[in-house]
Each structure stands twice: as C-alpha cells, then as structure tokens.
Amino acid sequence: MTLSTQPYKGARDFYPQDKRLQKYMFGKWREVVEHFGYEEYDAPILEPLEIYLAKSGEEIVNEQTYSFEDRGGRKVAIRPEMTPTVSRMVAAKRQELAYPLRWYSIPNLWRYERPQKGRLREHWQLNVDIFGVKETGAELEMIMLVNEVFKAFDAKPDMYEIRLNHRSLVDYSLADYLELDAKTRQAVGKLIDRMHKMSRPDFISKVDEILPAAQKAAGTTEKLLDLLDAKKLADLPAEVQKQPAAQELKNLLDNLKSLGINHATFDVTLMRGLDYYTGIVFEVFDTDPENNRSMLGGGRYDGLVGLFGVAPVPTVGFGWGDVTLANFLKIHHLLPQLPAETDVWVALVGDVLEQSQPIITALRHEGLNVAVDLSGRKLGDQFKTADKKGIEQVLIIGETELQKQLFTLKNLETGKEKKQNLNDVVSNIKTHRSIK
RNA sequence: GCGGACGUAGCUCAGUAGGUAGAGCGUCGGGUUGUGGUCCCGAAUGUCGUGGGUUCGAUCCCCAUCGUUCGCCCCA
C-alpha cells in the first residue's frame, strides 16, 4: 500500500513558505496586543469534554468536536475553542489574579465538520480577553485593539466593517417587545442570523412558518420586519431604544466615533451563535464582495468563569482565525514579500569547509543567520540553490579568499559582488537585512 | 450529515467520438576549468485517484469508494 502524502482532511501542512506567512501574521498580532498590555498564556490542547457542554451550544459539542475516550474512560475533546479553557484557568486562580486581567493566546483549534472556503477543520485563532471589567470601557478597548491590528496589517478602514449588537437588546426585542415564547425566540434568532443569505419574501415566509398563528394575525411579522429594518439605533422603536442595552451601545458607538473609528455600526441582525454571550457582541466583516464573511467575532460573556464554581468575572473577548485573516490579506493585496530567515548563503569553492568554519562561526556570533552549501557542487549550482530559497546574499569562500582573508559577498538580486574583509562582510549583510 | 463540480507527469491543464497519452512551467544534464536568475540544446517522469462492472480491449462508458472543491446545515 502506498502511503498518501496529503495532510489529514481539512488540515494544513505548513511548509517554510507557509510558516513564514503565519509567523508574520502572528507577529503582528502579538505586537499590537502586547502594546495594549495583554499577556500570553497557553493550555493543553485536550480538555475534558464537559467544559464545552455547558455553554457552547449542544450541536457544536455533539457533532462538531473531535472527542474520544481515554484509557481511563474519561471523555476528552480536542479543544474546538479557547474560551472555556481560559475561563477555567481564570476560575482556578480567581482570588489571586490581578484585575483587570488582559490575556491572549494563539491556540490551534479543531472542529469536526466538512471543510469549505475559509473554514477548515483546523485553524489557529488569536484569542484576546479582558477579565474583571463590567463597564463598556472593556468593549471600547477591544474594538480599538482590533482596529489597531488592522492598521498594523496596513488595512484601510474601507476594507472592513465593525458591526455591533447587544444580547440584552435582542432578548428584550424578541421576548418583551414582540412577545415571543422561548422556543419561537430561538428559531427566529437563527433565522435572523442568516437573513442576509435569502431574499426578503423567503425570509418573510420563513418567519410566518415559525410564528404561532395568533401572533401572525396580530401583526408580529410586520413588527419584526420593522425592527430588523433599523439601520441605526435611532430607527428602533422608542420602547426598544429606552433599554439600558441600547444606551450602552449608543455610548460605545459615540466613543468610537470620537476616537475616529467611524466604520463601526449598529447591526440589529447580528446574533452570534454561542449561548454564552451576555452583553455587547461584535463582528468584523470583510467589505470585499468576494469575501463577504465574518472575520472575527466576540463580545461580553459575564457568566462563563462562574460555571467553574467561583463568583462570576465579567469578561469581554474575541477570536480571530488565521485562515480568515489570510484570506482578507490576500484579497486586499496586503501580503508583503516575506524575506527568508537566512541572511546569507555560504558557497564554498574546493575542499575548504574546515578552514571556513571559523569565519562562518564568527558570522553567526555576530547574530547573522548563516547557512552553508555543503554539496561541493559548482558555484553556479550553489547560487541557484540560494536563489531558489530566496536568500539574496551569497558569501563565496575559496582558497584565494582564505589566503587573503578577503571574501566575496555577492548580491543575487543586483548581481553585484565585492571582495571585502570580514568586518565589512558583517556590516554589509546587516545593512542589507535592515533595509528589508 | 445533505447536494453540485472535479480527480490525467512535481505543478497548471489539454486529450483520446473506447485501441494504455501530451503541452507549458518545474526537475535533471549540457553550452569546458570559481559566478545563478535570461537564452539555446537535450533528457527523465505517469499502473490517466482506487476498486469493481460492461467490452475482444477502458484513462475515456456504468457503479462504488476515497480525495479535492463549492454550497447547505452549523459556526468556535
């Protein structure tokens, strides 16, 4: 039987070129998030299955989680998301941690489902959470942070759109304003979540299917449509606008505006699937029609830490997947030319490896990344190899160089080369590196 | 879990109205001795995804299966 060279379904191999892109993305993520004072943490990739059962939503756990039983009969899951894990960690040290707590992580997550565009079985996700702040200053900081990350990738404000909603506002609208019972609320909520995927008549007929006859007769459908047509908070019915949740949203949007973040808007249809959100929720969408999907999402979940048997801790957080970020960067031409990790390729002429080692070592001690062509092939072939690897600088060492202690440093891009002493070699490579 | 499309050299793909296949790119070699990327010349490579069926004969038709991909469901 021949073994397949393909990676496991829905998962990716990261060849150095791919890993380089990942390192670039993660590097920006870390940089910006740490500028906001967030600290990195990590945790096991395996968790007891139960921690996902409580609040993630039934179907997610039952059908979309990699889970198994270990040899001791324990039910184990490969983590499909980070939020329960970080909540567990905070709960475990609830008393001794210093709040507000700002934590982030870039875990590798797995979900068992059919792969599709922008959604694989495996992905990496930036998770940023702030614990211990019940005021909307936490939400404000999160959205500013997200916006700064986009800036760090050179994205312009018209490339993405920040949409906000509030769970309590949704709950009030559906339960009190429209007077829907719990079951109908859930069905209507799911329908709203995907209303932009269908035509209006379709949506209306689906709503009519869900609503109890009495309510349909009482004009609830029209009332709902009217509500969903609100493009801004001021369009909402007066009694909905009076809700504290609406005020919270208004304040947040005003604050964002005064900070120059104008592409954040209220979106009454924004639902987010997870059951654990309790307050403001937000998502960021790519404005490119080719990639019109949610890139990241999050919100307030004040109840999750408390599930672990301690007093609740107010929390705001979001997750941002690497696949969706990469798609965004690609479609907006924001992917930079990423240089090779290696600064210089050493091409040897003749049997001079041993004599060259002190020089190579000296370069490394100078902080340079140096790879040696050990093949003994013709110089031209050694150049080809360096070129193929994307390494621009080649240092040629042969008998003549060793005798005179003058080395030939060649730039493969310009084709220029020059004999120089070791100090100049070092400074030239460093200068060249810093230009990139 | 459901539906559509696709699966031919390392890659992108063409092709055979059923008689075991090709182009570009890439790879390798050469264009003399320590200089690549351009150019020129030459070469190698495929059980035509896998298994079965129809047929004298299948890469081409049929079925199944696996994989890729797009969408649905769901969305962390």
Side-chain angles (χ1 to χ4, degrees), chain A residues 1-2 4-12 15 47 51-52 55-66 77-87 107-127 190-191 193-194 197-198 271-277 281 283 290 293-299 301 304 317-324 345 347-352 373 376-402 407-419:
Chain A
M1 180 188 134
T2 311
S4 168
T5 56
Q6 276 177 345
Y8 172 72
K9 187 182 179 75
R12 298 163 289 169
Y15 285 84
E47 288 280 358
I51 81 165
Y52 303 109
K55 278 281 179 175
S56 294
E58 281 295 318
E59 181 168 8
I60 289 176
V61 175
N62 292 336
E63 294 173 17
Q64 302 193 343
T65 299
Y66 277 89
I78 301 178
R79 61 187 177 197
E81 58 166 330
M82 201 56 171
T83 305
T85 298
V86 70
S87 299
N108 191 213
L109 308 173
W110 291 79
R111 51 195 164 203
Y112 192 83
E113 64 175 0
R114 195 94 170 240
Q116 54 183 293
K117 192 174 185 180
R119 209 172 158 76
L120 307 172
R121 285 182 164 182
E122 158 272 326
H123 73 152
W124 301 76
Q125 189 185 61
L126 171 67
N127 269 257
K190 285 197 171 180
L191 195 60
D193 200 21
R194 54 198 175 91
K197 285 186 178 178
M198 57 184 97
M271 289 291 141
R272 294 200 59 68
L274 288 181
D275 295 342
Y276 52 60
Y277 290 109
V281 290
E283 282 189 39
E290 293 292 302
R293 57 167 53 236
S294 170
M295 281 189 282
L296 68 97
Y301 53 103
L304 210 43
F318 71 87
W320 188 345
D322 67 326
V323 180
T324 163
W345 185 258
L348 300 176
V349 181
D351 188 15
V352 294
D373 190 311
R377 292 168 302 171
K378 295 187 296 190
L379 250 192
D381 290 334
Q382 299 189 50
F383 288 169
K384 267 192 211 168
T385 302
D387 190 49
K388 203 167 169 181
K389 289 176 188 291
I391 301 167
E392 282 182 36
Q393 306 271 73
V394 177
L395 184 69
I396 304 163
I397 305 180
E399 296 288 353
T400 45
E401 282 82 359
L402 288 165
F407 308 94
T408 310
L409 185 63
K410 181 182 175 86
N411 183 312
L412 290 183
E413 201 155 281
T414 61
K416 288 187 181 148
E417 63 180 53
K418 198 180 167 189
K419 291 207 175 191

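Letters go in sequence order (proteins before strands), and every chain restarts at 1. The figures here come from the full heavy-atom set of this structure, side chains too, leaving out hydrogens, waters and symmetry mates.
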- Could you measure between the two P atoms, the one in B:rG36 and the one in B:rG29, and give it in whole Å? 14 Å
- Note on the structure: Regarding the side chain of A:T408, the nearest nucleotide among B:rC75, B:rG34, B:rG36 is B:rG34
- Side-chain contact check for A:K9: nearest option of B:rG71, B:rU68, B:rG36 is B:rU68
- Message: Over all strands shown, is A:L109 touching base, sugar-phosphate only, or nothing at heavy-atom distances under 4.0 angstrom?
- Response: nothing
- Message: If you assign each of A:I397 and A:G118 to its closest nucleotide in RNA chain B, which residue comes earlier from the 5' end?
- Response: A:I397
- What is the distance from CZ of A:R121 to P of B:rU69, rounded to the nearest Å? 11 Å
- Task: From the options A:K410, A:K389, A:E392, select the one residue that forms a side chain to side chain contact (heavy atoms under 4.5 Å, CB included) with A:W345.
- Result: A:K389
- Item | Phosphate-side-chain proximity, A:K197 and B:rG71, N/O vs OP1/OP2 below 4.0 Å | no
- Task: Kindly indicate whether the side chain of A:Q6 and the base of B:rU68 share any N or O donor-acceptor pair separated by less than 3.5 Å?
- Result: no
- Message: Does A:E413, at its CD atom, have more than 12 non-hydrogen atoms belonging to other residues, nucleotides or ligands within less than 6.0 Å?
- Response: no
- Message: As a check on the pairing definition, encode RNA chain B in dot-bracket form, counting Watson-Crick and G-U wobble pairs whose two distances are under 3.5 Å, and using | for partners outside this strand.
- Response: (((((((..((((........)))).(((((.......))))).....(((((.......))))))))))))....
- Provide, to the nearest angstrom, the distance between the CG atom belonging to A:D387 and the P atom belonging to B:rG36. 12 Å
- Query: Is there a side-chain contact between A:T324 and A:L296, using heavy atoms and a 4.5 Å cut-off?
  - Reply: no
- Message: Taking B:rU47 as the reference, what is the distance to B:rG22 when you measure between their P atoms (whole Å, please)?
- Response: 16 Å
- Which whole number of Å gives the distance between the C1' atom of B:rG52 and that of B:rU59? 16 Å
- Item | Sub-4.5 Å side-chain heavy-atom contact between A:E401 and A:V352 | no
- Under 4.0 Å between any heavy atoms, over every strand shown, what does A:G319 touch: base, sugar-phosphate, or nothing? Just pick one. nothing
- Position toward the 5' end of RNA chain B (nearest nucleotide), A:R111 or A:G398: A:G398
- Counting any heavy atom closer than 4.0 Å, what does A:G321 reach on the DNA or RNA strands: base, sugar-phosphate only, or nothing? nothing
- Note on the structure: Side-chain contact check for A:Q64: nearest option of B:rA76, B:rC75, B:rU35 is B:rA76
- Message: Within the supplied structure, the quantity of interest is the number of heavy atoms (other residues, nucleotides, ligands) at a distance under 6.0 Å from A:K419 NZ; does it exceed 12?
- Response: yes
- Between A:K378 (NZ) and B:rG30 (P), how many Å, whole number? 5 Å
- Using the C1' atom on both, measure B:rU32 against B:rU68 and round to a whole Å. 48 Å
- B:rU27 phosphate, OP1 or OP2, under 4.0 Å from A:K388 side-chain N/O: yes
- Between atom CE in A:M82 and atom C1' in B:rC75, what is the gap in whole Å? 19 Å
- Note on the structure: Looking only at B:rU35, B:rC74, B:rG71, the nucleotide nearest the A:K117 side chain is B:rG71
- Task: For A:E413, answer base if it contacts any base atom (sugar-phosphate contacts may also be present), sugar-phosphate if it contacts only those atoms, and nothing otherwise; contact means non-hydrogen atoms under 4.0 Å.
- Result: base
- Do A:P80 and A:Q64 touch side chain to side chain, with heavy atoms closer than 4.5 Å? no
- Message: Measuring only between side-chain heavy atoms, which start at C-beta, is A:N411 closer than 4.5 Å to A:Q393?
- Response: yes
- Integer angstrom distance from the P of B:rG4 to that of B:rA64: 11 Å
- Message: Can you measure A:R119 atom CZ to B:rU69 atom C1' for me and round it to whole angstrom units?
- Response: 17 Å
- Message: Give me the distance, rounded to whole Å, that separates B:rU20 from B:rC48 when you measure between the P atoms they each carry.
- Response: 13 Å
- For A:R114 and B:rG1, what is the distance between atoms CZ and C1' respectively, to the nearest whole Å? 9 Å
- Please tell me which of the listed nucleotides, B:rG34, B:rA76, B:rG3, lies nearest to the side chain of A:L379? B:rG34
- Task: Would you check, one step at a time, whether the test side chain to side chain contact (heavy atoms under 4.5 Å, CB included) holds for A:D322 with A:R12?
- Result: CA-CA 12 Å; A:D322 67 326; A:R12 298 163 289 169; 3.0 Å; yes
- Message: From CG of A:L395 over to P of B:rG36, roughly how many Å is that when rounded to an integer?
- Response: 18 Å
- Which value, in whole Å, describes the distance between the C1' atoms of nucleotides B:rG67 and B:rU50? 10 Å
- Task: Write down the distance separating the C1' atoms in B:rG57 and B:rG53, rounded off to the nearest Å.
- Result: 14 Å
- Message: By the 4.0 Å heavy-atom rule, please label A:Q125 as base, sugar-phosphate, or nothing.
- Response: sugar-phosphate
- Task: Name the nucleic acid region contacted by A:E401, choosing base, sugar-phosphate or nothing; use a 4.0 angstrom heavy-atom cut-off, strictly under.
- Result: base
- Item | Sugar-phosphate, base or nothing in reach of A:R194, heavy atoms under 4.0 Å | sugar-phosphate
- Taking only the side-chain heavy atoms of A:F383 (C-beta and beyond), determine which of B:rC75, B:rG36, B:rU69 contains the nearest atom. B:rG36
- Report yes if some heavy atom in the side chain of A:R111 is under 4.5 Å from a heavy atom in the side chain of A:H123; otherwise report no. yes
- Query: With side chains defined as the heavy atoms from C-beta onward, is the minimum distance between A:V281 and A:Y301 less than 4.5 Å?
  - Reply: no
- Rounded interatomic separation in angstrom, taking NZ from A:K419 and C1' from B:rG34: 9 Å
